[in-house]
Every structure is written in C-alpha cells, then in structure tokens.
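First the structure, in the form of structure tokens, and then the observations on it.
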Amino acid sequence: MVLYMTSVDPQLLKELQGRGLVAQTTGGDALQEYLSGASRTLYSGFDPTADSLHIGHLVPLLALKRFQLAGHKPIALVGGATGLVGDPSFKAQERKLNTPEVVAEWTDRLKQQVSRFIDFECGSISAEVVNNLDWVGGMSVLDFLRDVGKHFSINNMINKESVKQRIDREGEGLSFTEFTYMLLQSLDFAELYQRHGCTLQIGGSDQWGNITSGIDLTRRLHGGQTFGLTMPLVTKADGTKFGKTESGTVWLDPAKTSPYAFYQFWLNTADADVYRFLRYFTFMSLAEIEQVEAEDREREGRPEAQRRLAEEMTRLVHGESGLTGAERITAALFEGDFLALDEGDLEQLKLDGLPFSLLERSALAGEPLTQLLVDAGMAAAGKQVKDALGREAVFINGSPKSAEDNMRVPECFAPEQALHGRFYICRLGKKKYHLFEVR
RNA sequence: GCAGGGGUUCCCGAGUGGCCAAAGGGAUCAGACUGUAAAUCUGACGCGCAAGCUUCGGAGGUUCGAAUCCUCCCCCCUGCACCA
C-alpha cells in the first residue's frame with residue numbers, strides 16, 4: 001500500500017526560491033511544512049484574453065508542472081468567466097470587453113494549450129483543467145451579491161495596491177465591472193477548495209491581492225485554511241517589456257509564433273538576463289545552470305547560455321521536432337553558406353518555419369521592392385526598407401541591393417540568380433531572413 | 001443634470017491662427033562597433049519608390065490659411081447634485 005503513496009519532494013519550496021521564482025507567500029514557514037507534509041492540490045488561473053497563451057504565461061504554467069513533478073496535483077483554471085470581466089490589477093486603463101462567443105472560443109484553445117504542459121495520466125496527482133464559467137455562469141446576481149459580495153469590504157479593496165494607481169490616476173477610471181474581478185477570482189479559489197480540495201493558489205506577483213482575498217473568502221465561506229504563492233513578473237535588465245519583439249508578442253501557438261522565431265527570441269536574450277531566465281524557465285538543475293555560467297565566464301566571447309536557453313525552451317514548448325527545425329534554419333542562415341544548400345534543404349527550411357512567400361514572376365514588374373518586403377512582413381513600413389537599402393543592408397541571395405534597385409524588382413529576382421531555379425533568400429539587416437519562391 | 005478640467009502621431013508629452021507631419025523623451029527599425037549580446041555613436045520613425053496623400057476625439061463653420069478660433073455631438077476625469 002505504502003508503495004503507491006505519492007511521495008512529495010520536501011525541497012520544492014527551497015528549489016523554487018533558489019530559482020528566484022518566489023515573490024511572496026502566505027503563511028511563512030507554515031507553507032513549507034504544509035507542502036512537505038503530503039501531496040496537495042494547487043491551482044493557477046489563465047484568462048482568455050487572446051487566442052493563445054504567450055511566454056509571459058510560462059512562469060506560472062511551468063510552476064504547475066514543477067509542483068506536479070514534486071508530487072502535488074495541479075489544476076489549471078481557464079477563466080471563461082473572469083475573461084469576460086477583465087482583471088484590472090496593475091493595468092493602466094480599462095480594457096475593452098470581448099464578446100462571449102470570442103471568449104468561449106479562446107477558452108477552448110487555452111484549455112488545449114495548457115494541457116500540453118501538465119500530466120493527466122499519473123494517478124492521484126493527475127492534472128485537471130477547469131473553467132470558472134461552470135460555477136459562475138449559472139449564478140444569479142443576488143446570490144453573488146449576498147453570498148460573495150457580503151464578505152468584501154470596499155474600504156479594503158480600494159486600498160489594494162493593484163487598483164490604487166487606477167483610482168489615484170488622473171484621467172483613468174475603474175469600472176464596477178473590473179472592480180468586481182477580485183470577487184470572481186476569490187470565488188474561484190473557494191469553489192476549487194470545495195470541489196477539489198485545492199488549498200494553494202499560485203500566480204504572478206500582480207495576483208497577490210486577488211490571491212489573498214481568495215484565501216480570506218475561502219476561510220469565511222468554508223472555514224478552510226489555504227495558501228498563496230506568487231512568482232515575480234519577468235523583467236529585463238534594460239527595463240523594456242519582456243516577451244515582445246518587433247513583430248509583437250511571442251506566443252506559444254506555433255501558428256502565431258513559429259518555433260524558429262521562438263528559438264530566435266530566446267537566443268537573443270541579453271547576457272544580463274540569461275542566467276536568471278535559465279532559472280525561471282528551464283528545468284535544468286541549479287547546479288547545471290551554475291556550471292554553464294562558470295564556463296561562460298571562463299571563455300572569451302560569446303556565452304553558451306543563450307543557446308542552451310533557446311534549446312530548452314523550444315523543446316519544452318514545441319517538442320523535439322520543433323527544436324530540430326529551428327536549429328536547422330538557424331544553422332543554415334547564421335552559420336553556414338545558404339547559397340550552398342540543396343533543393344531539399346530549402347524545402348525543409350520552408351517546412352521548418354522560415355518565413356516564406358510565394359511570388360508570381362509575372363507580378364514582379366512594376367512593384368517596388370519596399371512594397372514587396374513589407375508585404376512579406378520583413379518590415380513594418382516602406383521607409384524602413386528604404387533606409388536599409390540606403391545602407392546596403394538588403395541582400396537577395398547574397399548580393400546587396402541599393403536604393404536604385406527599388407524599382408528593379410524583376411532584376412533583383414532574375415532567374416539566373418535563383419537557387420535551384422526558384423528560391424531567393426532575402427536578408428534585411430543582420431537578423432531578418434525571408435525565403436521567396438518565384439514561379 | 002450642473003460646474004470645472006481634458007481627449008495630439010505606438011506610449012508619455014509639448015504645441016493655442018501661418019515657420020506643424022507637429023518639440024522632447026521612451027519604445028521600435030537600420031548602420032558602425034561586437035558575440036545574431038550590452039553600452040555608445042549615427043540615421044530612420046503618419047502613408048507612399050516618387051509625385052503626392054492623409055492626420056491632432058467626431059461632424060460642421062469662420063478664415064487666403066486651423067491641432068490651434070466658433071457651434072453641435074461623443075468619450076474620459078474631478079467636484080456637487082440626484083439616488084422617494
């Protein structure tokens with residue numbers, strides 16, 4: 001019997017702290033004791049504010065996995081209800097509401113995404129995915145106001161740091177709708193406590209206020225003791241926002257951010273951030289990360305850490321095949337001579353997710369190169385391409401193009417210049433590549 | 001509803017009749033230097049290859065000429081009132 005008892009890793013909390021993943025906890029030492037005592041159930045919420053999660057969601061998502069690996073049962077809550085309302089925490093302004101249909105669709109997609117990261121087939125600690133619309137959707141306003149609202153003090157709520165700036169700030173307001181968000185999230189915790197015996201909520205540090213109020217509500221409604229743990233929001237040393245590139249958010253959905261782009265994102269991590277990110281995001285042991293760091297210090301020049309980070313993260317999110325593809329493209333473009341690639345290689349790069357466009361030769365004449373590259377997504381505006389042309393920063397199959405070539409697109413894509421009769425690799429600047437096929 | 005304040009290009013924020021496609025900062029892109037870093041310097045940064053076109057909450061109006069003045073409307077903020 002005892003053989004099948006799930007054993008928990010008593011070092012979990014220490015490990016998380018060592019990784020810098022703990023911002024705040026409730027209960028102090030009691031939490032450490034609680035987590036090492038037995039297998040517990042915990043949850044983290046993800047609101048459907050888009051049709052995919054992005055890398056900002058990885059910290060709590062992977063934390064669920066870390067807890068599961070340590071012997072606890074994770075629940076991923078997808079906010080079909082809370083997504084309809086919008087969390088005001090630390091948001092500078094009121095957000096526009098999405099329609100119920102849209103939110104419902106996004107909820108389904110997030111459910112699927114989230115499911116890839118946690119294990120559903122491991123006995124008593126198998127993960128679950130729940131939707132808070134299941135219990136909020138059918139609740140009447142009056143029940144909500146009497147049973148939930150009654151336990152909240154406005155005096156208390158308006159003093160929460162998370163909404164303070166919205167209340168204090170000139171020019172921005174806070175609607176009742178968003179103000180109510182905290183009650184919904186608190187109710188989630190209380191419900192999960194009752195339904196699943198969930199006693200710990202984790203989230204980003206912006207969720208502290210929502211989590212603690214959920215703990216209060218659970219105690220008031222059900223008399224249960226629960227805990228909260230928040231993780232730091234990922235910041236960058238240079239102060240710019242984490243998770244954005246020029247083309248926008250880095251999504252987990254390969255259809256929105258290709259594994260190659262995803263790989264490149266991590267590869268471009270600043271030195272000042274990279275070891276911290278290895279600890280935040282990967283499952284490499286702390287000892288191993290330290291070793292990488294030590295070796296990088298010894299070696300002159302380029303650190304190995306970024307490559308490791310990119311490798312680990314791409315494998316984690318896009319699997320072994322996604323990683324292989326990303327590495328193939330990277331090697332072809334940045335390390336090798338892509339002019340020497342054979343036809344099969346080029347076809348493979350296309351499949352691997354190298355940005356690609358198919359052009360008709362007959363349509364080339366008369367169109368400026370600027371327009372062509374903007375359409376291909378290589379630049380946001382023609383001006384940028386023009387600027388690059390003026391600096392000899394645009395290359396097609398290795399040959400530099402100048403401002404005079406702008407209106408000579410057919411010559412730029414001359415048949416005799418093509419690789420294997422139809423391929424052209426265009427480079428803009430040092431990092432942006434695009435594969436064109438002209439037929 | 002009343003009174004007062006306000007809505008400027010991705011963000012912050014100057015600009016109160018021509019010199020404004022609109023200062024400055026941030027973000028972003030490109031170049032140099034590098035390691036597909038950082039820092040720094042340089043250039044770009046409404047759209048357009050260009051001629052040119054379109055902007056300053058919206059619609060009208062005054063004027064040779066408006067982001068700037070007038071009218072109406074919409075939205076936000078602050079206070080008061082309303083909450084029988």
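Just so it is clear, the values below take in all heavy atoms, side chains as well, and ignore hydrogens, waters and symmetry mates. In this text, all values refer to a predicted model and were calculated from it rather than measured experimentally. In what follows, chains carry the letters A, B, and so on, assigned in the order in which the sequence lines appear, proteins first and then strands, with residues in each chain numbered from 1.
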Distance check, [atom1] atoms only: [N] and [M], in whole angstrom units.
| N | M | atom1 | value |
| --- | --- | --- | --- |
| B:C20 | B:G15 | C1' | 9 Å |
| B:A59 | B:C41 | C1' | 48 Å |
| B:C56 | B:G6 | C1' | 14 Å |
| B:U63 | B:G58 | P | 23 Å |
| B:C10 | B:C29 | C1' | 13 Å |
| B:C70 | B:G25 | P | 32 Å |
| B:C75 | B:A66 | C1' | 23 Å |
| B:U34 | B:A21 | P | 42 Å |

> Does A:Ala270 or A:Thr370 map to a spot on RNA chain B nearer the 5' end, using the closest nucleotide for each?
Replying inline: A:Ala270

> Between A:Gly429 and A:Gly382, which is nearer to the 5' end of RNA chain B once each is assigned its nearest nucleotide?
Replying inline: A:Gly429

When you measure from the side chain of [X], which nucleotide among [options] comes out closest?
| X | options | result |
| --- | --- | --- |
| A:Ala393 | B:A30, B:C49, B:A39 | B:A30 |
| A:Arg391 | B:G48, B:G35, B:A30 | B:A30 |
| A:Ala381 | B:C47, B:A30, B:G35 | B:C47 |
| A:Asp387 | B:A30, B:U34, B:C49 | B:A30 |
| A:Lys383 | B:G48, B:C29, B:A27 | B:G48 |
| A:Lys431 | B:G35, B:A37, B:C49 | B:A37 |

Mate of [N] where both pairing distances stay under 3.5 Å, Watson-Crick or G-U:
| N | answer |
| --- | --- |
| B:G65 | none |
| B:C80 | B:G1 |
| B:G24 | B:C12 |
| B:G46 | B:C53 |
| B:C41 | B:G31 |

Could you tell me how far apart [X] ([atom1]) and [N] ([atom2]) are, to the nearest whole angstrom?
| X | N | atom1 | atom2 | answer |
| --- | --- | --- | --- | --- |
| A:Glu367 | B:C49 | CD | P | 10 Å |
| A:Lys386 | B:G46 | NZ | P | 12 Å |
| A:Asp375 | B:C47 | CG | P | 14 Å |
| A:Leu373 | B:G48 | CG | C1' | 15 Å |
| A:Lys236 | B:A38 | NZ | P | 9 Å |
| A:Phe334 | B:G35 | CZ | C1' | 12 Å |
| A:Asp271 | B:G35 | CG | P | 12 Å |
| A:Asn268 | B:U28 | CG | C1' | 15 Å |

> Does the pair A:Glu15/A:Arg66 count as a salt bridge with the N-to-O cut at 4.0 Å?
Replying inline: no

>> So that I can tick it off, tell me whether A:Glu295 and A:Arg308 are bridged by a salt bridge, with the cut-off set at under 4.0 angstrom between side-chain N and carboxylate O.
In response: no

> Is a donor-acceptor contact shorter than 3.5 angstrom present between the side chain of A:Lys432 and the base of B:U36?
Replying inline: no

>> Between the base of B:U36 and the side chain of A:Gln306, is there a donor and acceptor pair under 3.5 angstrom?
In response: no

> Checking all strands, does A:Thr269 fall into the base, sugar-phosphate, or nothing category for heavy-atom contacts under 4.0 angstrom?
Replying inline: sugar-phosphate

>> Under 4.0 Å, heavy atoms only, any strand: does A:Gln264 hit a base, just the sugar-phosphate, or nothing?
In response: base

> side-chain contact (heavy atoms from CB on, under 4.5 Å) between A:Phe189 and A:Asn210: does it pass, once the steps are laid out?
Replying inline: CA-CA 10 Å; A:Phe189 202 176; A:Asn210 292 337; over 6 Å; no

>> Testing A:Tyr433, A:Phe395, A:Phe413 one by one against A:Tyr424 for a ring pair (Phe, Tyr, Trp, His ring centres under 6.0 Å), which residue passes?
In response: A:Phe413

> Do A:Gln207 and A:Ser89 get their side chains close enough for a donor-acceptor pair, meaning under 3.5 Å?
Replying inline: no

> When you look at A:Glu327 and A:Glu311, which way does the side-chain contact (heavy atoms from CB on, under 4.5 Å) test go after all the steps?
Replying inline: CA-CA 8 Å; A:Glu327 285 178 334; A:Glu311 177 189 331; 4.2 Å; yes

>> In terms of relative ring orientation, are A:Phe242 and A:Phe281 parallel, tilted or perpendicular, with 30° and 60° separating the classes?
In response: parallel

